[in-house]
Amino acid sequence: MYNVIEMKNKIETAVSIAENEVKEEFMQLFKNIYKNNSVPNNLSDPKIISLIHLTSYSDLERVISGAGFYVILSDYDAQNNGCILTLNENIRAIYRGEGNTVKKRIQSHLFNSRYKEDYDKRKQKYLNKPENAGRSYYEVFWPACIKLGDGSNGINIDVDEKYNEYSWFLIIHNMRGSSQEVRVQAELAFDELFGKPLACRENT
């Protein structure tokens, strides 16, 4: 006779072992890149890992459209931020995340009003086509985003005076071809090494 409980446990154990191995790989990678808990000014391969200074909305064009792991850093005064990863001492990581479409995800975090407007335009354009009658819009909408200040989901660093006086940087690890399961291990590895940034939505 077969024991399906034992079979299930074998699969769960194998997945847990594989996830831990992937997390350990990311931890070693992050240790090598971010020595002394610091972001280097010159990254070895900008096609794989990029550092972007966001000074205007147009800087989003420099962000990859595909899958990746990302870190948002700023000198915004986020009190009680336990994350120790810094850039030039006063710029600290305040959010880390992953996504299959990083550019849109960053837009949802830091240019939230424009993200909502653009999403609505894409949705209406799709639904207004006769061939799409009766269909549901396929693109995922992200209501849960970075939380700062009053705790609203998403901020607008281009137009909101509470945020546009500060510096904003992105670290993006290109993970084209990855799955969410892989990218989540990058998040866990980051948190274990540097501490979970304050504004991550899991904290709020």
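Because only heavy atoms are used, hydrogens play no part in the values below, and waters and symmetry mates are left out as well, while side chains stay in.
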Heavy-atom count around Lys103 NZ within 6.0 Å, excluding the residue itself: above 12? yes
With a 4.5 Å heavy-atom cut-off, do Ile106 and Leu60 have their side chains touching? yes
Main chain of Ser16, side chain of Asn20: is a donor-acceptor contact present, judged purely on distance under 3.5 Å? no
Taking atom types as modelled, find out whether Asp150 and Ser152 have a side-chain donor-acceptor pair closer than 3.5 angstrom. yes
For Ser167, is there any backbone N or O sitting under 3.5 Å from a side-chain donor or acceptor partner on Asp75? yes
A side-chain contact here means heavy atoms from C-beta on lying under 4.5 Å apart; do Ser38 and Leu85 qualify? no
Rounded distance (nearest 0.5 Å) linking atom CZ of Arg62 with atom CG of Leu51: 8.5 Å
For residues 166-185, which residue pairs qualify under salt bridge (Lys or Arg N to Asp or Glu O under 4.0 Å), counting only residues two or more places apart or in two chains? Glu98-Arg183
If you count the non-hydrogen atoms of other residues, nucleotides and ligands that lie under 6.0 Å from CD in Gln180, is the total more than 12? no
Should Met175 and Ile48 be regarded as members of a common hydrophobic cluster, given that ILVMFWY residues are connected when their side-chain heavy atoms come within less than 4.5 Å of each other, either directly or indirectly? yes
As an exercise, state the distance from CG of Asn81 to NZ of Lys196, rounded to the nearest 0.5 Å. 12.5 Å
Using atom types as modelled and distance alone, determine if a side-chain donor or acceptor of Trp168 lies under 3.5 Å from a backbone N or O of Tyr163. yes
Nearest 0.5 angstrom please: Leu127 CG to Arg122 CZ, how far? 12.5 Å
Say you draw a straight line from OG of Ser74 to CD1 of Ile155; how long is it, rounded to the nearest 0.5 Å? 7.5 Å
Does any part of the side chain of Glu187, heavy atoms only, come nearer than 4.5 Å to the side chain of Arg96, both counted from C-beta? yes
Residue pair Val39 / Thr86, side-chain heavy-atom distance below 4.5 Å: no
Within-4.5 Å side-chain heavy-atom neighbours: Phe169 and Ile171: no
Only residue of Tyr115, Tyr119, Trp142, Tyr57 satisfying side chain to side chain donor-acceptor pair (under 3.5 Å) with Gln107 is Tyr57
Verify the cluster assignment for Val22 and Ile33: are they in a single hydrophobic cluster under the rule of side-chain heavy atoms below 4.5 Å apart? yes
Between Ile17 and Glu21, is there a side-chain heavy-atom distance shorter than 4.5 Å? yes
Closest non-hydrogen atom pair, Gly154 against Cys145: N-CB, 3.5 Å
Is the shortest heavy-atom distance from the side chain of Arg105 to the side chain of His109 under 4.5 Å? yes
Ring-plane angle category for Tyr95 and Tyr70, please: parallel below 30°, perpendicular beyond 60°, tilted otherwise. parallel
Apply side chain to side chain contact (heavy atoms under 4.5 Å, CB included) to Leu110 and Leu54, showing your working. CA-CA 10 Å; Leu110 302 181; Leu54 292 175; 3.5 Å; yes
Rounding to 0.5 Å, atoms CG (Leu193) and CE (Met27) come to a distance of 4.0 Å
Donor-acceptor contact below 3.5 Å, side chain Asn3 vs main chain Glu6: yes
With heavy-atom distances below 4.5 Å as the criterion, would you say the side chains of Ile72 and Leu170 are in contact? yes
What pair of heavy atoms forms the shortest contact from Lys129 to Lys125, and how long is it? CG-O, 3.4 Å
Could you point out which residue of Asp158, Asp160, Asn156 forms a side chain to side chain donor-acceptor pair (under 3.5 Å) with Ser113? Asn156
Take Tyr126 and Tyr138 through the test ring pair (Phe, Tyr, Trp, His ring centres under 6.0 Å) and record every step on the way to the result. CA-CA 9 Å; Tyr126 176 86; Tyr138 60 91; 5.3 Å; yes
Check whether the ring centres of His173 and Phe26 lie less than 6.0 Å apart, and answer yes or no. no
Do you reckon Val140 sits in the same ILVMFWY cluster as Val63, going by side-chain contacts under 4.5 Å, direct or chained? no
Once you round to the nearest 0.5 Å, how far does CD1 of Ile157 lie from NZ of Lys162? 13.5 Å
Around Glu165, counting heavy atoms of other residues, nucleotides and ligands shown, do more than 12 lie under 6.0 Å from its CD? yes
Considering all heavy atoms of both residues, which atom of Ser178 and which atom of Ala67 are nearest to each other, and what is their separation? OG-CB, 3.9 Å
Salt-bridge test for Lys8 and Glu12: reply yes if a basic N is under 4.0 Å from a carboxylate O, no otherwise. yes
If hydrophobic clusters are built by linking Ile, Leu, Val, Met, Phe, Trp and Tyr wherever their side-chain heavy atoms come under 4.5 Å apart, do Phe141 and Val102 end up in the same one? no
What are the two closest heavy atoms between Ala93 and Pro197, and how far apart are they? O-CB, 3.8 Å
Check whether Val182 and Leu188 end up in the same hydrophobic cluster, where Ile, Leu, Val, Met, Phe, Trp and Tyr are linked by side-chain heavy atoms less than 4.5 Å apart. no
